[in-house]
Amino acid sequence: MRHIISLLMENEAGALSRVAGLFSARGYNIESLTVAPTEDPTLSRMTIVTRGSDDVIEQITKQLNKLIDVVKVQDLTDGSHIERELMLVKVRATGELREEMKRLADIFRGRIIDVTDKTYTIELTGTGSKLNAFLEALEPEAILETVRTGASGIGRGERIMRV
Amino acid sequence: MSDPELTGAEIVVRCLQAEGVKYVFGYPGGAVLNIYDEIYKQSEFKHVLVRHEQAAVHAADAYARATGKVGVALVTSGPGATNAVTGIATAYMDSIPLVVLTGQVPTAAIGMDAFQEVDTVGITRPCVKHNFLVKDVRELAITLKKAFYIAATGRPGPVVVDIPKDVTQQCAPFHYPAEIRLRSYNPTYKGHAGQIRRAVQMLLEAKRPMIYTGGGVILGDAAEPVTELARLLGFPVTNTLMGLGGYPAPDPLFLGMLGMHGTFEANMAMQHCDVLLAVGARFDDRVIGNPKHFAKEARRIIHIDVDPSSISKRVKVDVPIVGDVKQVLEELIRILRSGTERPDAAALKAWWAQIELWRSQNCLKYERSDTVIKPQYVIEKLYEVTEGDAYVTSDVGQHQMWAAQYYHFRKPRRWINSGGLGTMGVGLPYAMGVQLAYPQAKVVCVTGEGSIQMNIQELSTCLQERLPIKIVLLNNRYLGMVRQWQEFFYEERYAESYIDALPDFVKLAEAYGHVGMTIERPQDVEPALRDAFGKYSDRLVFMNFVTDPHENVYPMIPAGKGLSEMILV
């Protein structure tokens, strides 16, 4: 099953490599991983999307907790949560495609953030499946380049993760 | 008064002194010359010069195993650090508290492929509890404090502190904090009260109980409460390889070691018990074999461990208790003693009758001989001659298993070997660390002719430090355990397991300034041992026992099989 795990960790050099190293050494999957400092610059917040049986996920959270730099671990999948991912897509925007691209971007509440006479770059946020749906709606030949951040997640309502 | 300004090198030395370090095992080199210069100027701790960095870490590791204190090693950058890696990984697998200081090239040279540069933090990351690169001399003292704290607390383990050469030259005010807290690291020591009560209830309901203890009992100084609990309830006990000495072996409640080369009675009782109390043990592959086979029999499991990630990793447990094994066991005993309820005596009696039946197999029997030395016999005699009171280190292989099976350890921290990583070559440096910790103690290194040659250079260190270690070499001219597997599983194709061109070990020992003996007849075994511990008690004695080359270690559970699928002699 797919799990989305949030981590708060000391914003130290090498912290990311400890997490990445743990996943590769123990043979866990990483579907995506995002990380950036929080409002408290001594802490980084990481979101890891992984897949595994309940046993494997239990081991993953325990092993993450065991890392000395990790302050908190939460499996967001355990409760209701929100996740968002950002994608930038560069598409061919010539001829009649130009209008269609704009219309599709509007339908998916995307924004065109860079324009040339041949291309648009569209910014889109949402869940992974929404971003997938957008890509599927495009003609494959129209897609010139994509870049995705991987999911960031946060608990709903009063479910708060902080030190 | 403000804190004194010291150089980084002085700070390192002052921190080690503040930690009460007695021995630093190491090898100098360019990146650590400033630290060595400061060591030279002081006498509060002693530096032991090894002949290879791997041995420095092993010796520090053994010092920690034997004393419970944090072991310290110091090596230079580049090859110094890479040579130390095997030692670090060995300590990591057995959860041994170590602080390993590695020199590093100056901060400005890091990443420049400088002379003797390696990414030590990167290389050691998967085999340390934690590691640090100190880039600012003002962080040095606090980092070393953290290193000692992390190494010794919770589930212990090695911590590497990588120190660039310029940091050892720069100055900073020195202050060594008495205590430290890390917001990201808070091991749990006190067991959950509700879980402990459930455990007590489960133990009382047991009809076929079993207590299975591992290295955690040794590391957590919990041999006493284990013994008290077992005797209070009259339950059988088994120890893992790492847990030997956690319960006095000659006691009738003790069923011997379990696992791949465990006793028939221990493995059968483990497989057929209805309530299993696991303490500081991790159900690893050499202990329970195939977890699917283990799970075939229904049993309820209580698991006490300081490391939550050890619980329900290979085997699902019913009552997990995260905490310090000693504290949790003491609490269990307190609750049991405060009540009058005891397990069903009739059921326990029937269980013991079954166990005695298994025990009557006498699975450690072996064919005696008047003409060729049986390796088991040497260990039996060693046990007699040392009155079961020696510190025994071993290398890895058949000799290790025979030592574990035939030397009946009564006390914790007496059996020093590499269980997790299985590192050949640890035996001699391990004996050095133990002998330095306990200069008056009898320290024996049981080894094979394969293993001993992996760190033979340390005979030189032993002379320099005048360490009266007794080396018991069970010389069967084969890499015995490899040969045994080839005999059983590879139709006797002995690929590269026969060692030709062995050195003359007597001459070798003598060349290093020690006493050497070759023993070829069974009747000479005991006199040789008596001489070693008597006439030559103050010398290192290298005893080359020429043993039966075809002897195998029994019982044996083939890899991937279950506990009740033993091959018996």
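Reminder, nothing fancy here: chain letters follow the sequence lines and each chain counts from 1.
Considering NZ of A:K66 and OH of B:Y185, their distance stands at 10.5 Å, rounded to 0.5 Å. Summarising the geometry, atom CG belonging to B:L182 is positioned 8.0 Å from atom CD belonging to A:E10; distances are rounded to the nearest 0.5 Å.
When side chains are defined from C-beta on, B:K146 does not count as touching A:I68, because their heavy atoms never get closer than 4.5 Å. Here the side chains of A:R18 and B:H130 are in contact, with some heavy-atom distance below 4.5 Å. Proximity of A:L8 to B:R183: side-chain heavy atoms (C-beta onward) are nowhere separated by under 4.5 Å.
A salt bridge links B:K316 with A:D55: at least one charged nitrogen is closer than 4.0 Å to a carboxylate oxygen. Looking at A:E58 and B:K313, no side-chain N of the basic residue comes within less than 4.0 Å of a carboxylate O on the acidic one, giving no salt bridge.
Of the two parts of A:S24, neither the backbone nor the side chain holds a non-hydrogen atom closer than 4.5 Å to a non-hydrogen atom of chain B. Heavy atoms closer than 4.5 Å to chain A are found in both the backbone and the side chain of B:I311. Residue B:N131 touches chain A through both its backbone and its side chain, counting heavy-atom pairs closer than 4.5 Å. Interface remark: A:V163 contributes side-chain atoms only to the contact with chain B (heavy atom separation under 4.5 Å).
Within 6.0 Å of CZ in A:R148 there are more than 12 heavy atoms belonging to other residues, nucleotides or ligands. Other residues, nucleotides and ligands contribute more than 12 heavy atoms inside 6.0 Å of the NZ atom of A:K72. In this structure, A:R162 places its CZ atom where only 12 or fewer heavy-atom neighbours from other residues, nucleotides or ligands lie under 6.0 Å away. Within a 6.0 Å radius of NZ in A:K90, other residues, nucleotides and ligands contribute 12 heavy atoms or fewer. For NZ of B:K135, the number of neighbouring non-hydrogen atoms (other residues, nucleotides, ligands) closer than 6.0 Å is 12 at most. Atom CZ of A:R2 is surrounded by more than 12 heavy atoms from other residues, nucleotides or ligands within 6.0 Å. For B:R138, the CZ atom counts as loosely surrounded, since its 6.0 Å shell holds 12 or fewer non-hydrogen atoms of other residues, nucleotides or ligands.
Of all the heavy atoms in A:Q59 and B:S309, the pair that sits closest is NE2-O, 2.9 Å. Nearest approach of A:V71 to B:S184, heavy atoms of both residues: CG2-CB, 3.6 Å.
Of the listed residues (A:T42, A:T61, A:V56, A:L22), the one with the most heavy-atom contacts under 4.5 Å to chain B is A:T42.
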